[in-house]
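By convention in this document, chain letters (A, B, ...) are assigned in the order of the sequence lines, proteins followed by strands, and residues within each chain are numbered from 1.
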Amino acid sequence: MIPIKFIRENIELVKESLANRNMDIDLDSILTLDNSRRNIIKSVEALKADRNYYSRKIAKQKQKGEDSTAQIKKMQKVSSSIKEYDLELKEVNEKLNQLLLFIPNIPHSSVPRGKSEDDNVVIKSWGEKPNFSFQHKDHIYLAEQHGLVDFKRGAKISGSGYPLYIDKGAKLERALINYMMDQHSENDFTEIFPPFLVNESSVLTTGQLPKFKEDMYYIDKDDMFCISTAEIPVTNIHKNEIINRDELPKKYVAYSACFRREAGSYGKDTKGLLRLHQFNKVELVKFVDPSNSYEELESLLLNAERILQNLNLHYRIIELCTADLSFSAAKCYDIEVWSPADQKYLEVSSCSNFESFQSRRGNIRYKNNDKLEHIHTLNGSGLATPRLFVAILENYQTEDGGIDIPEVLQEYIGIKKIC
RNA sequence: GGAGAGUUGGCAGAGCGGUAAUGCAGCGGAUUGCUAAUCCGUCAUGCCUUAACAGGCAUGCAAGAGUUCAAAUCUCUUACUCUCCGCCA
């Protein structure tokens with residue numbers, strides 16, 4: 001949430017930020033609304049001052065036993081016109097707040113400007129693309145060949161986009177989750193197992209609502225949302241709380257299933273594990289002192305990268321440009337792992353600094369000396385499993401058609417190779 | 001699902017129709033030569049005036065509605081927390 005006062009005082013900056021995001025939001029009508037809001041406040045507060053003055057007078061008169069029917073008559077009129085103004089003010093406030101909830105975060109000054117995702121910047125590349133001396137296969141073939149994932153039965157049970165992991169496939173999936181959780185725990189992230197259904201206010205905090213309601217699974221009867229990421233429950237751990245400065249940074253790691261309707265992406269990546277309605281993800285969330293949130297973002301990125309390094313998978317890091325930045329983020333890095341079959345990079349993590357955007361929505365503050373201020377929130381996938389699963393199958397396949405298990409996972413899965 | 005209790009500032013805690021006591025912590029200042037004490041101020045948000053310092057007004061007692069000249073206080077609705085009962089993995 002960008003506060004109206006900030007918009008009012010930095011209108012050019014906000015306009016520029018929206019333009020850089022390729023977003024068209026009518027700021028002038030927001031300012032007009034703000035203006036009329038302040039005018040109403042002026043009028044109604046003058047009346048309320050009047051009312052307070054006469055109420056006190058009436059109280060004194062009553063004590064003395066004097067008659068005050070004239071004043072009371074007058075105040076009845078004042079009160080009813082206060083009521084009208086208050087109603088008007090409430091309507092204007094609601095309209096204004098509704099509009100403000102649709103304004104995205106302001107990109108950090110270091111974010112590259114761009115018109116589309118083509119302007120994202122590759123800032124790092126780690127490892128090497130594998131060279132196969134044999135005809136290598138894609139993950140769908142490999143998964144079906146070895147009975148790791150049953151897409152057909154998943155579709156029978158739920159629909160497309162709900163893979164059924166079986167036997168060694170199920171074990172590999174669980175090994176990945178357990179391995180990543182352990183790694184991050186060792187780096188002082190506190191382990192969380194969050195609720196997977198959350199209320200509306202939690203989704204407003206992180207910014208998936210109100211703008212992206214179409215992407216969420218919604219349970220009408222109970223007014224609950226299925227989480228699209230563990231970011232939602234974990235960020236809301238401290239909703240409406242005040243955190244002591246000496247407790248910062250607060251670092252959490254959580255596994256969750258993630259549910260996404262993927263509205264508007266029909267026909268894209270419909271086969272295999274690349275785009276799913278339900279998938280598993282390990283998420284890192286940090287609550288940090290605003291003065292060093294960008295250093296914390298860099299270290300968060302390293303925490304996520306470490307997983308791919310330990311799995312010895314080639315990846316690159318993209319710095320998202322203003323046009324590709326997500327709604328709530330001020331800055332974001334994507335980590336993309338190499339898929340030999342598709343000959344392209346697959347996004348397995350987004351690491352973002354939200355600055356105070358989410359903490360304002362969720363009223364998450366910290367005590368800075370004598371002042372209460374909004375904290376900065378960060379999060380990053382560490383990592384999402386489906387594309388990681390893809391990368392392991394494709395990068396670790398062997399000439400005899402088997403799949404080697406990466407060394408760090410062997411103790412988790414109990415075998416060294418899928419034959 | 002049923003019954004009861006509760007929700008007041010950073011925290012603790014009073015007030016139960018006349019407009020938020022008090023304590024603790026924090027911050028600023030004064031004073032005293034001693035790791036501290038004492039005193040004063042400040043310590044939520046918004047709006048207005050001001051270049052700024054500062055000042056004025058309003059709002060704020062879980063959320064919303066109602067009664068009233070006046071609501072933390074009375075009435076209704078909702079949310080959440082706790083306790084007990086029921087059902088259940």
Side-chain angles (χ1 to χ4, degrees), chain A residues 1-9 30-101 193-205 209 219-225 232-233 236-248 250 257 287 289-290 356 359-375:
Chain A
M1 172 88 84
I2 309 294
I4 181 63
K5 197 171 177 183
F6 182 90
I7 296 174
R8 196 193 306 143
E9 288 167 1
I30 287 178
L31 288 183
T32 309
L33 213 50
D34 175 48
N35 224 351
S36 65
R37 171 183 149 261
R38 287 186 294 155
N39 281 331
I40 297 169
I41 287 173
K42 263 190 260 181
S43 311
V44 76
E45 285 191 353
L47 287 178
K48 283 180 179 174
D50 221 32
R51 182 179 67 182
N52 287 341
Y53 173 78
Y54 281 102
S55 286
R56 262 172 280 222
K57 206 167 174 182
I58 291 165
K60 276 180 197 156
Q61 285 173 333
K62 283 219 162 180
Q63 273 172 359
K64 290 185 200 158
E66 290 171 11
D67 177 67
S68 44
T69 30
Q71 260 94 357
I72 289 175
K73 268 241 160 84
K74 197 173 156 199
M75 283 305 107
Q76 278 171 339
K77 277 187 190 152
V78 171
S79 267
S80 78
S81 95
I82 286 174
K83 217 167 254 182
E84 280 168 33
Y85 274 117
D86 271 341
L87 195 69
E88 202 182 335
L89 182 61
K90 196 186 151 206
E91 280 167 14
V92 169
N93 271 333
E94 276 169 7
K95 253 189 226 169
L96 187 59
N97 279 331
Q98 198 53 34
L99 291 174
L100 289 177
L101 283 172
F193 205 127
F196 292 178
L197 297 190
V198 295
N199 57 33
E200 184 187 30
S201 126
S202 293
V203 194
L204 275 170
T205 300
L209 283 185
I219 295 152
D220 187 56
K221 192 171 181 186
D222 299 289
D223 196 19
M224 302 282 278
F225 292 83
I232 300 171
N236 282 284
I237 287 175
H238 296 297
K239 177 166 59 181
N240 295 324
E241 285 187 14
I242 290 149
I243 305 176
N244 282 330
R245 196 178 187 178
D246 54 22
E247 286 177 55
L248 301 180
K250 274 195 169 292
F287 298 83
D289 192 317
S356 57
S359 61
R360 283 178 198 283
R361 291 174 164 235
N363 190 30
I364 308 168
R365 295 172 294 171
Y366 77 109
K367 202 165 191 179
N368 185 9
N369 295 325
D370 58 327
K371 270 273 181 193
L372 291 177
E373 290 175 12
H374 290 100
I375 209 163

*Hey, is the side chain of A:Q76 poking within less than 4.0 Å of OP1 or OP2 on B:C69, counting only N and O atoms?*
yes

Would you give me the side-chain donor-acceptor pairs under 3.5 Å for residues 82-93 of chain A, sequence neighbours excluded?
from  : atom 1 : to    : atom 2 : distance (Å)
A:D86 : OD1    : A:K48 : NZ     : 3.3
A:D86 : OD2    : A:K48 : NZ     : 3.4
A:N93 : OD1    : A:R37 : NE     : 3.3

*A:K62 has an atom NZ; how far is it from atom P of B:U68, in whole Å?*
13 Å

*Dot-bracket, RNA chain B: Watson-Crick or G-U, under 3.5 angstrom, [ ] crossing, | other strand?*
((((((((.[[[..)..(...]]].(((((.(...).))))).((((((....))))))..[[[[[..)....]]]]])))))))....

*Using a 4.5 Å cut-off on heavy atoms from C-beta on, say whether the side chain of A:D289 contacts that of A:R245.*
yes

*Please round to the nearest 0.5 Å and tell me the distance separating atom OG of A:S79 and atom OH of A:Y54.*
13.5 Å

_Please enumerate all residues that pass ring pair (Phe, Tyr, Trp, His ring centres under 6.0 Å) together with A:H238, with sequence neighbours excluded._
A:Y252, A:F287

*Quick one: is A:R8 getting a side-chain N or O under 4.0 Å of the B:C47 phosphate, OP1 or OP2?*
yes

*With sugar-phosphate meaning primed atoms plus P, OP1 and OP2, does A:I242 contact a base, only sugar-phosphate, or nothing at under 4.0 Å between heavy atoms?*
sugar-phosphate

*For A:I72, all residues meeting side chain to side chain contact (heavy atoms under 4.5 Å, CB included), sequence neighbours excluded*: A:I58, A:S68, A:Q76

*Charged N to carboxylate O below 4.0 Å: is that the case for A:E247 and A:K250?*
yes

*Can a side chain N or O of A:S79 be found less than 4.0 Å away from OP1 or OP2 on B:A70?*
yes

*asked:* Could you tell me how far apart A:E94 (CD) and B:A63 (P) are, to the nearest whole angstrom?
replied: 15 Å

*Exercise: do A:N39 and A:S36 side chains pair donor with acceptor under 3.5 Å*: no

*asked:* Measure CZ/A:R365 against P/B:G9 and give the value in whole Å, please.
replied: 11 Å

*Would you check if A:I219 and A:D222 make a side-chain contact, meaning some heavy-atom pair closer than 4.5 Å?*
yes

*What residues in residues 34-54 of chain A put a non-hydrogen atom under 4.0 Å from any atom of RNA chain B?*
A:R37, A:R38, A:I41, A:K42, A:E45, A:K48, A:A49, A:R51, A:N52

*asked:* I need the minimum non-hydrogen distance between A:P290 and A:H374, along with the two atoms involved.
replied: CG-O, 3.7 Å

*Drop me the distance from A:L99's CG to A:D34's CG, to the nearest 0.5 angstrom.*
11.5 Å

*Using atom types as modelled and distance alone, determine if a side-chain donor or acceptor of A:S359 lies under 3.5 Å from a backbone N or O of A:I375.*
yes

*Looking at RNA chain B, which of residues 80-91 of chain A put a heavy atom within less than 4.0 Å of it?*
A:K83, A:K90

